[in-house]
Amino acid sequence: MKKWYAEEYEFELEVTGFLHGERTERYCRNGEEIGDKYTCTYGCPVNQDGQGICSKMMLILFPAMEAVRSGGDLEYVGGSDKYTKHFVCPDGCVMFRMTAKPTGNENCFKGRLFDEIGEEE
């Protein structure tokens, strides 16, 4: 893999609670625990051990991540502020908080970074 673009947002996902009791055994196949954290820029979120977030949860998160990358405000879709929103996993087991942090890097589309690729070839 050769990452060529420094993304304009970093995302952190933290497990904040459970909807069924105090543990995830027999509920969550990923084995989430309160306080677990995942981070990413554009790729899928991974934790400090290199383990990825549940693939079903990623289906829920990706549209919200794209909304932020497009200049959107998560408050318009139920977020607690522009860059923070709480989610429940599709299985109804684990609660997550997603927080976006601007990196200060330029957006690849607005900065026309794809145009540079065509000129190099």
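Residue numbers count from 1 along this sequence.
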Could you tell me which non-hydrogen atom of [X] sits nearest to which non-hydrogen atom of [Y], and how far apart they are?
| X | Y | value |
| --- | --- | --- |
| Glu106 | Glu8 | O-OE1, 4.2 Å |
| Leu13 | Pro45 | CD1-CG, 3.5 Å |
| Asn105 | Glu7 | ND2-O, 2.8 Å |
| Val77 | Lys85 | O-NZ, 2.9 Å |

Min side-chain heavy-atom separation Glu33-Val15 under 4.5 Å:
no
Side-chain donor-acceptor pairs under 3.5 Å in residues 56-73, sequence neighbours left out?
{"from": "Lys56", "atom 1": "NZ", "to": "Asp91", "atom 2": "OD1", "distance (Å)": "2.9"}
{"from": "Lys56", "atom 1": "NZ", "to": "Asp91", "atom 2": "OD2", "distance (Å)": "3.0"}
{"from": "Glu66", "atom 1": "OE2", "to": "Arg69", "atom 2": "NH1", "distance (Å)": "2.7"}
{"from": "Arg69", "atom 1": "NH2", "to": "Thr41", "atom 2": "O", "distance (Å)": "2.7"}
{"from": "Ser70", "atom 1": "OG", "to": "Glu66", "atom 2": "O", "distance (Å)": "2.8"}
{"from": "Asp73", "atom 1": "OD1", "to": "Glu75", "atom 2": "N", "distance (Å)": "2.8"}

Are Leu19 and Met98 connected in the hydrophobic side-chain network, where two residues link if heavy atoms are under 4.5 Å apart?
no
Nearest 0.5 Å, what's the [atom1]-[atom2] distance between [X] and [Y]?
| X | Y | atom1 | atom2 | value |
| --- | --- | --- | --- | --- |
| Gln48 | Asp36 | CD | CG | 6.5 Å |
| Arg29 | Ser55 | CZ | OG | 8.0 Å |
| Asp81 | Thr99 | CG | OG1 | 7.5 Å |

May I have all residue pairs that pass ring pair (Phe, Tyr, Trp, His ring centres under 6.0 Å) and include part of residues 14-40, sequence neighbours excluded?
His20-Tyr27
Which residue pairs pass the ring pair (Phe, Tyr, Trp, His ring centres under 6.0 Å) test when at least one of the two sits in residues 63-111, sequence neighbours left out?
Tyr9-Tyr83, Phe109-Phe114
Flag if over 12 foreign heavy atoms under 6.0 Å of NZ, Lys110
no
Look at atom OH of Tyr5 and say whether more than 12 heavy atoms of other residues, nucleotides or ligands are closer to it than 6.0 Å.
yes
Please lay out, stage by stage, how Asn30 and Glu32 fare under the test side-chain hydrogen bond (donor to acceptor under 3.5 Å, both in side chains).
CA-CA 6 Å; Asn30 220 33; Glu32 305 294 359; 2.9 Å; yes
